[in-house]
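Since this is a predicted model, take the numbers as computed values, not measurements.
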Amino acid sequence: MTSDRNTGEDDASVLLRVEGTLARATLNRPRAINALDHAMVRAFADALTSWEKDEGVSVVLLDGAGERGLCAGGDIRAIRASAVNGDRQAADFWRDEYHLNAQIARYPKPYVALMDGVVMGGGVGVSAHGGVRVVTERSKVGMPETTIGFVPDVGGTFLLSRAPGETGTHLALTGTPIGAADAVYTGMADHYVPSERLPDLVSALTEAATEADVTEAVARFAEGVPAAPLESRRGWIDACYSADTAEEIVARLREHGDPEAAKAADTIGAKSPTAVKTTLAALRRARRLAGLEEVLEQEYRVSTAALTWPDLAEGIRAQVIDKDRDPRWSPATLAGVTDADVERAFAPAPDGPVGLAEPPATADGGAR
């Protein structure tokens with residue numbers, strides 16, 4: 001039963017309540033597959049801060065309203081409007097969102113994310129950095145940003161840069177969503193629980209008093225993870241995506257001979273060339289950074305730079321405004337995107353760093 005410490009209303013975009021020892025946040029925009037807006041990010045961050053100090057709360061759980069998924073990502077219509085208008089709204093949203101991602105990653109109490117159904121973009125950011133990440137047979141997890149002329153953010157380049165071999169590079173450049181087995185294999189999830197067992201898991205968590213209780217509850221309802229399709233494709237994935245440039249990656253994919261490799265080449269060819277090249281650079285740089293907070297700082301620089309690209313507004317137009325699925329990228333080819341174009345995406349953000357980590361030092365001792 002929900003306690004009298006309920007802090008949300010049924011029509012709120014985030015439902016916040018305490019059930020026993022369990023603090024529960026439900027993203028509540030089911031018609032939009034619970035896409036995140038700025039108010040939701042702020043409300044959830046404030047709730048996490050409050051629950052951290054509440055001695056009656058032992059566990060935090062995140063789930064999504066409706067049957068379609070946890071979260072389809074950020075409100076990309078609002079991001080497009082900000083890019084077109086040239087205002088600060090998107091940058092302000094990302095600044096708070098990335099702070100939330102870091103807050104989740106370092107949360108001192110068990111944080112359980114039910115990654116049921118669609119979990120894309122910003123949905124990955126509020127789930128995959130948690131300590132206990134549960135996927136189901138309905139899970140569809142992905143970072144599809146290159147499809148809209150953007151680059152994986154919310155710590156996505158941190159997660160994907162640390163996936164086995166070059167599987168993260170494949171997922172980032174193609175934007176391909178993955179199921180439960182691949183989510184566990186790539187390190188974006190921990191446990192597989194059939195969706196029909198989630199209500200029982202939640203009920204068990206309302207009585208959890210310690211981290212050991214959470215571990216026991218999840219183990220009671222979890223099942224073995226199926227074989228991961230990506231693992232069986234590591235041969236061509238690692239061989240092709242280890243190339244130094246996006247052009248060489250596509251060439252290797254086309255020449256490899258595996259039909260899946262050729263399909264991946266076609267998929268990359270349909271994405272924003274600027275986004276593809278910048279994503280590859282962001283992943284390679286993320287591998288060399290120490291931790292999530294440093295990567296989030298890098299992602300903020302890239303995200304604010306992307307607001308100035310024609311491809312971001314155009315990609316969102318093609319996917320969600322006009323829905324013609326026929327973006328006109330500029331430049332239109334990978335060859336048209338220069339190294340200087342990519343390097344500009346990593347320049348300091350106009351409003352400075354997010355404040356999560358010290359910027360890396362340059363060779364002359366200054367801050368980058």
Point to revise | Worked verdict on Asp96 versus His38 for side chain to side chain donor-acceptor pair (under 3.5 Å) | key: CA-CA 8 Å; Asp96 286 342; His38 205 162; 2.6 Å; yes

Check your understanding: Is there a donor-acceptor pair closer than 3.5 Å between any side-chain N or O of Glu297 and the backbone N or O of Leu356?
Key -> yes

Exercise for review: Verify, without hydrogens or angle tests, whether Arg252 (side chain) and Ala239 (backbone) share a donor-acceptor contact under 3.5 angstrom.
Suggested key: yes

Point to revise | NZ/NE/NH1/NH2 to OD/OE distance under 4.0 Å, Glu294 and Arg287 | key: no

Point to revise | Worked verdict on Tyr185 versus Arg234 for side chain to side chain donor-acceptor pair (under 3.5 Å) | key: CA-CA 12 Å; Tyr185 176 68; Arg234 281 283 302 278; 2.8 Å; yes

Exercise for review: Please determine if Arg254 and Asp266 form a salt bridge, counting it only when a charged side-chain N lies under 4.0 Å from a carboxylate O.
Suggested key: yes

Review point. Do you know the tightest heavy-atom contact between Leu205 and Ala217?
Key: CD2-CB, 4.1 Å

**Study point:** Sequence-distant partners of Glu260, salt bridge (Lys or Arg N to Asp or Glu O under 4.0 Å), two or more places apart
**Key:** none

Review point. How far apart are the closest heavy atoms of Ala345 and Thr278, and which atoms are they?
Key: CB-CG2, 3.7 Å

Check your understanding: Parallel, tilted or perpendicular: which fits the ring planes of Phe158 and His129, with parallel below 30° and perpendicular above 60°?
Key -> tilted

**Study point:** Test side chain to side chain donor-acceptor pair (under 3.5 Å) applied to Asp63 - qualifying residues, sequence neighbours left out
**Key:** Arg24, Thr26

Review point. Would you say the side-chain atoms of Glu314 pair up with the backbone N or O of Arg328, donor to acceptor, closer than 3.5 Å?
Key: yes

Practice item. Indicate the atoms forming the closest heavy-atom contact of Asp190 with Gly131, along with that distance. Key: OD2-O, 3.6 Å

Review point. Hey, does the side chain of Asp116 reach the backbone of Leu70 with a donor-acceptor pair shorter than 3.5 angstrom?
Key: no

Point to revise | Non-hydrogen atoms of Gly121 and Val154 that approach each other most closely | key: O-CG2, 3.4 Å

Practice item. Check the hydrophobic clustering (I, L, V, M, F, W, Y; side-chain heavy atoms under 4.5 Å; chains of links allowed) and say if Val59 and Val193 are grouped together. Key: yes

Point to revise | Single-linkage hydrophobic cluster, 4.5 Å side-chain cutoff, Val126 and Leu22 together | key: no

Point to revise | From Phe44 atom CZ to Leu36 atom CG, the distance as rounded to the nearest 0.5 Å | key: 9.5 Å

Check your understanding: CZ of Arg31 to CZ of Arg29: how many Å apart, nearest 0.5 Å?
Key -> 10.5 Å

Practice item. Please confirm whether the backbone N or O of Leu173 pairs with a side-chain atom of Thr146, one donor and one acceptor, at under 3.5 Å? Key: yes

Check your understanding: Side chain of Thr136, backbone of Pro194: donor and acceptor closer than 3.5 Å?
Key -> no

Practice item. For the residue pair Thr49 and Glu52, confirm or rule out a side-chain donor-acceptor distance under 3.5 Å. Key: no

Practice item. Would you sort out whether Tyr300 and Asp153 count as a side chain to side chain donor-acceptor pair (under 3.5 Å), showing the intermediate values? Key: CA-CA 8 Å; Tyr300 186 70; Asp153 66 336; over 6 Å; no

**Study point:** Side-chain touch Lys277/Pro273, heavy atoms, less than 4.5 angstrom
**Key:** no

Practice item. Group every Ile, Leu, Val, Met, Phe, Trp and Tyr by side-chain heavy-atom contacts under 4.5 Å, then state whether Met115 and Leu48 land in the same group. Key: yes

**Study point:** Rounded distance (nearest 0.5 Å) linking atom CG of Asp311 with atom CD1 of Ile148
**Key:** 11.0 Å

Review point. Hey, mind stepping through Glu299 and Arg301 against salt bridge (charged side-chain N to carboxylate O under 4.0 Å, His left out) and telling me if it holds?
Key: CA-CA 5 Å; Glu299 289 179 349; Arg301 297 196 296 272; over 6 Å; no

Review point. Can you hop from Val112 to Val225 via hydrophobic side chains spaced under 4.5 Å?
Key: no

Review point. Do the non-hydrogen side-chain atoms of Pro152 and Thr279 ever get within less than 4.5 Å of each other?
Key: yes

Practice item. Output yes when a side-chain donor or acceptor of Trp329 lies under 3.5 Å from a complementary backbone atom of Ala270, and no otherwise. Key: yes

Check your understanding: Is a side-chain donor or acceptor of Thr174 paired with a backbone partner of Thr176 at a separation under 3.5 angstrom?
Key -> yes

**Study point:** Sidechain-backbone polar pair: Asn85 side chain, Ser82 backbone, donor-acceptor under 3.5 Å
**Key:** no

Practice item. Spell out, as yes or no, whether a donor-acceptor pair under 3.5 Å connects the side chain of Asn28 to the backbone of Ala65. Key: no

Review point. Are Trp51 and Leu114 linked, directly or through other ILVMFWY residues, by side chains that come within less than 4.5 angstrom of each other?
Key: no

Exercise for review: Starting at CG of Leu334, measure out to OG1 of Thr274 and round the result to the nearest 0.5 Å.
Suggested key: 9.0 Å

Exercise for review: Show your reasoning for whether side chain to side chain donor-acceptor pair (under 3.5 Å) applies to Glu343 and Thr338.
Suggested key: CA-CA 9 Å; Glu343 190 61 33; Thr338 67; over 6 Å; no

Exercise for review: Determine, stepwise, if the pair Arg317 / Asp324 fulfils salt bridge (charged side-chain N to carboxylate O under 4.0 Å, His left out).
Suggested key: CA-CA 8 Å; Arg317 178 207 65 76; Asp324 57 28; 2.7 Å; yes

Exercise for review: Carefully, step by step, assess Asp351 and Arg95 under the rule salt bridge (charged side-chain N to carboxylate O under 4.0 Å, His left out).
Suggested key: CA-CA 10 Å; Asp351 57 341; Arg95 183 176 287 270; 2.9 Å; yes

Point to revise | Heavy-atom pair with the smallest gap, counting every atom of Val57 and Ala23 | key: CG1-CB, 3.6 Å

Practice item. State the CD1-OG1 distance between Ile178 and Thr167, to the nearest 0.5 angstrom. Key: 8.0 Å

Check your understanding: Under 3.5 Å, is there a donor-acceptor pair linking the side chains of Lys271 and Thr147?
Key -> yes

Practice item. Taking all non-hydrogen atoms of both residues into account, name the closest pair between Thr157 and Ala282 and its distance. Key: CG2-CB, 4.2 Å

Practice item. First locate atom CG of Leu230, then atom CG of Leu171, and finally report the distance between them rounded to the nearest 0.5 Å. Key: 5.5 Å

Check your understanding: Quick one: are the ring centres of Trp94 and His99 less than 6.0 Å apart?
Key -> no

Check your understanding: Checking salt bridge (charged side-chain N to carboxylate O under 4.0 Å, His left out) for the pair Arg197/Glu137: CA distance, chi angles, key distance, verdict?
Key -> CA-CA 11 Å; Arg197 308 191 78 180; Glu137 78 284 356; over 6 Å; no

Check your understanding: What is the ring orientation for Trp236 with Tyr241, classed by angle as parallel under 30°, tilted 30 to 60°, or perpendicular over 60°?
Key -> tilted

